[in-house]
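A short worksheet on the structure shown next.
What's counted below: heavy atoms across the whole structure, side chains too, no hydrogens, waters or symmetry copies. To find a chain, count down the sequence lines: A is the first, B the second, and so on, and within it residues start at 1.
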Amino acid sequence: MLDARFIRDNLADVEARLKTRGGDVDLGGFRELDARRRDLLQQSETLKALRNKVSDEISRTKDKSQVQGQIAEMREVSQRIKALDEDLRIVEEELERLLLTVPNIPSPATPVGTSEADNVEVRVWGERPVFDFTPKPHWEIGEALGILDFECGAKLAGARFTLYRGIGARLERALINFMLDLHTERHKYVEMLPPFMVNRESMTGTGQLPKFEDDLFHLEGVDYFLIPTAEVPVTNIHRGEILRGADLPLRYTAYTPCFRKEAGSYGKDTRGLIRQHQFNKVELVKFVRPADSYRELEKLLADAEEVLRQLRLPYRVVELCSGDLGFSAAKTYDIEVWLPGQDTYREISSCSNFEDFQARRASIRYREEEKTKPEFVHTLNGSGLAVGRTLVAILENCQRSDGPVVIPEVLRPYMGGQEVIG
RNA sequence: GGAGAGAUGGCCGAGUAGGUCGAAGGCGCUCGCCUGCUAAGCGAGUAUACUGGGAAACCGGUAUCGAGGGUUCGAAUCCCUCUCUCUCCGCCA
């Protein structure tokens with residue numbers, strides 16, 4: 001959420017910068033609602049001040065018969081206050097609804113552009129493997145090895161669900177443990193294991209609600225949502241809190257499954273593990289001082305990249321342009337892993353600085369010193385990494401001509417020493 | 001699922017026959033004084049949000065005692081609904 005006062009004071013500038021995301025931006029309604037809100041608030045508060053003053057006088061008058069006039073008068077004042085407050089409530093609700101659907105302002109560091117095509121390649125790492133045969137896509141490899149069973153996934157749940165079997169299941173688990181160990185031991189993140197479903201406040205805090213309810217699985221009977229990413233529960237850990245400056249930056253990592261409806265992606269990526277309703281992810285989340293947030297973003301990105309480097313999987317980093325930026329982000333880097341079976345780079349991590357956008361929604365503040373005013377923190381997060389897609393990258397990059405897949409060295413301790421699948 | 005108890009400021013904890021309670025007291029913290037150092041002691045201060053004025057320092061108003069609603073001139077205190085926590089019973093990995 002943007003700061004209402006900031007919008008009020010910089011309306012034209014805010015509109016112009018939001019336009020770089022593409023689509024329509026109209027903050028005209030904001031100005032009017034904001035003005036009406038303050039007008040109603042002042043009227044109501046003036047009357048309340050009067051009522052408080054007169055009530056105080058009444059309380060000090062022992063003979064109540066002397067103040068019957070004031071009591072009658074205040075009865076009327078209270079009615080007017082009630083009416084004003086009702087109008088105010090409606091205006092504030094509208095204003096809130098409007099503000100919650102306005103996306104974050106892209107950072108000046110975000111390149112301006114209209115689509116994916118305008119994203120900027122920042123760096124490329126690793127050697128793409130050279131094959132003396134035509135590399136297969138992971139779904140063929142996984143099925144042939146008997147470790148990925150798409151048909152059974154569909155039988156158990158439906159399209160976009162997969163059953164991992166045997167060594168495939170173990171490889172997924174090995175990746176999760178490897179990533180968590182790397183981030184906790186080497187990068188000094190604190191591991192969290194949060195609830196996999198959360199309430200409406202949490203979803204609103206990180207920006208999934210109210211605008212993207214259609215993308216979420218909602219439970220029947222209780223107002224809980226399955227999390228689409230660990231970002232939601234982990235960022236909301238500090239919702240409504242005032243943190244101590246000395247404790248910043250806070251770094252958390254968490255493994256969770258993620259659940260997404262993938263509405264609007266019919267027919268897209270229907271084969272294989274790329275786009276599933278349920279997938280595993282290890283997430284990195286940071287709470288930092290505003291002045292440090294862009295430096296922390298670079299570090300977070302490096303922490304995520306380190307996973308691919310250790311696995312020796314080739315990738316590139318791209319900077320998302322304004323038109324491709326997510327709703328809550330001010331600046332985002334995507335890490336894209338090379339998939340030789342599909343002859344393309346594929347997103348495997350998205351690392352973003354949300355600045356104070358989520359912090360304002362979720363009211364996450366910090367106080368530098370005991371006496372200083374609380375300020376909003378900046379929140380960041382990134383995948384470290386999407387586990388299923390990492391498994392995909394291993395199958396495709398480490399495949400051999402006759403079918404087997406070589407397990408990356410760093411994973412072997414997690415695989416009971418096994419070196420090859422198949 | 002059933003029965004009961006509770007939710008007050010950074011923390012602990014008073015306050016329920018409605019008013020002088022943004023809220024006693026203690027702890028913590030900040031500043032000052034005092035003391036050869038430390039400890040102790042003394043004094044002052046110590047919430048947040050919105051809003052009006054001001055260049056600012058700051059000054060004023062309103063709201064907040066789990067959340068929402070009601071009664072009343074006036075609610076931390078009375079009534080209703082909800083949420084959460086705790087205890088006991090049941091059930092269960």
Side-chain angles (χ1 to χ4, degrees), chain A residues 1-9 30-100 193-205 209 219-225 233 236-248 250 257 287 356-377:
Chain A
M1 186 159 62
L2 302 178
D3 181 7
R5 260 176 305 191
F6 183 80
I7 301 178
R8 188 189 301 155
D9 296 339
F30 169 82
R31 174 155 276 178
E32 195 194 327
L33 283 170
D34 181 59
R36 276 188 64 202
R37 182 184 94 85
R38 282 181 297 155
D39 179 50
L40 287 168
L41 190 64
Q42 275 178 56
Q43 289 187 47
S44 169
E45 290 191 348
T46 305
L47 289 178
K48 281 175 183 168
L50 174 70
R51 183 179 68 185
N52 285 346
K53 189 164 150 273
V54 174
S55 287
D56 188 54
E57 284 163 19
I58 292 170
S59 76
R60 272 181 297 191
T61 308
K62 296 205 180 67
D63 181 0
K64 299 296 187 213
S65 67
Q66 288 179 8
V67 291
Q68 285 312 308
Q70 275 106 309
I71 287 177
E73 204 183 312
M74 287 309 108
R75 190 174 301 152
E76 208 171 294
V77 166
S78 277
Q79 292 307 312
R80 280 163 60 200
I81 289 172
K82 199 183 255 184
L84 284 168
D85 281 350
E86 177 60 17
D87 291 348
L88 184 63
R89 189 185 61 79
I90 291 166
V91 169
E92 281 184 337
E93 260 175 28
E94 277 180 56
L95 198 58
E96 172 93 349
R97 200 162 30 214
L98 193 150
L99 283 175
L100 284 176
L193 184 59
F196 298 162
M197 49 185 96
V198 298
N199 57 31
R200 197 167 278 277
E201 292 75 53
S202 295
M203 282 294 183
T204 306
L209 291 180
L219 300 202
E220 208 169 303
V222 281
D223 198 17
Y224 293 157
F225 296 86
N236 277 281
I237 288 172
H238 294 298
R239 171 154 51 85
E241 295 185 359
I242 299 176
L243 305 168
R244 300 187 339 174
D247 294 337
L248 300 181
L250 290 169
F287 302 82
D356 62 5
F357 188 84
Q358 293 181 327
R360 183 172 292 104
R361 284 180 162 238
S363 188
I364 306 169
R365 292 172 293 173
Y366 81 106
R367 219 192 286 272
E368 192 53 67
E369 303 286 339
E370 285 284 345
K371 298 283 231 174
T372 57
K373 261 211 158 9
E375 270 186 74
F376 289 114
V377 298

At their closest point, which heavy atom of A:Phe30 faces which heavy atom of A:Arg8, and how far apart are they? CE2-N, 3.8 Å
Between B:rC11 and B:rC80, how far apart are the two C1' atoms, rounded to whole Å? 33 Å
For nucleotides 52-57 of chain B, give me every protein contact, N/O to N/O, under 3.5 Å, one pair per line with atom names.
residue: B:rG52; atom: OP1; partner: A:Arg38; partner atom: NH1; Å: 3.3

Given the C1' atoms of B:rC21 and B:rG13, what is the spacing between them in whole Å? 16 Å
Give, for atom CD1 of A:Ile71 and atom CD1 of A:Ile58, the distance between the pair rounded to the nearest 0.5 Å. 4.5 Å
What are the atom names and distances for every N/O pair under 3.5 Å that joins the protein to nucleotides 45-49 of chain B?
residue: B:rU48; atom: OP1; partner: A:Arg367; partner atom: NH1; Å: 2.8
residue: B:rU48; atom: O3'; partner: A:Arg365; partner atom: NH1; Å: 3.0
residue: B:rA49; atom: OP1; partner: A:Arg365; partner atom: NH1; Å: 3.0

When you compare B:rA5 with B:rG9, how far apart are their P atoms, in angstrom units rounded to a whole number? 23 Å
Donor + acceptor pair across side chains of A:Ser202, A:Asn199 (<3.5 Å): yes
Using purine N1 to pyrimidine N3 plus N6-O4 or O6-N4 for Watson-Crick, or N1-O2 and O6-N3 for G-U wobble, each under 3.5 Å, what pairs with B:rG43? B:rC31
Take atom C1' in B:rC42 and the same atom in B:rA55, then report the distance between them in whole Å. 40 Å
Whole angstrom is fine here: how far is it from CG in A:Leu47 over to P in B:rU51? 19 Å
For a quick check of understanding: with a heavy-atom distance under 4.0 Å over all strands, which category does A:Arg37 fall into, base, sugar-phosphate or nothing? sugar-phosphate
Close N/O contacts between protein and nucleotides 58-68 of chain B (under 3.5 Å):
residue: B:rG61; atom: N2; partner: A:Glu45; partner atom: OE1; Å: 2.9
residue: B:rG61; atom: N2; partner: A:Glu45; partner atom: OE2; Å: 3.4
residue: B:rU62; atom: OP1; partner: A:Asn52; partner atom: ND2; Å: 3.3
residue: B:rA63; atom: OP2; partner: A:Asn52; partner atom: ND2; Å: 3.3

A:Glu93 atom CD is separated from B:rC50 atom C1', nearest whole Å, by 17 Å
Pairing partner of B:rA56, by Watson-Crick or G-U wobble and under 3.5 Å for both distances, is none
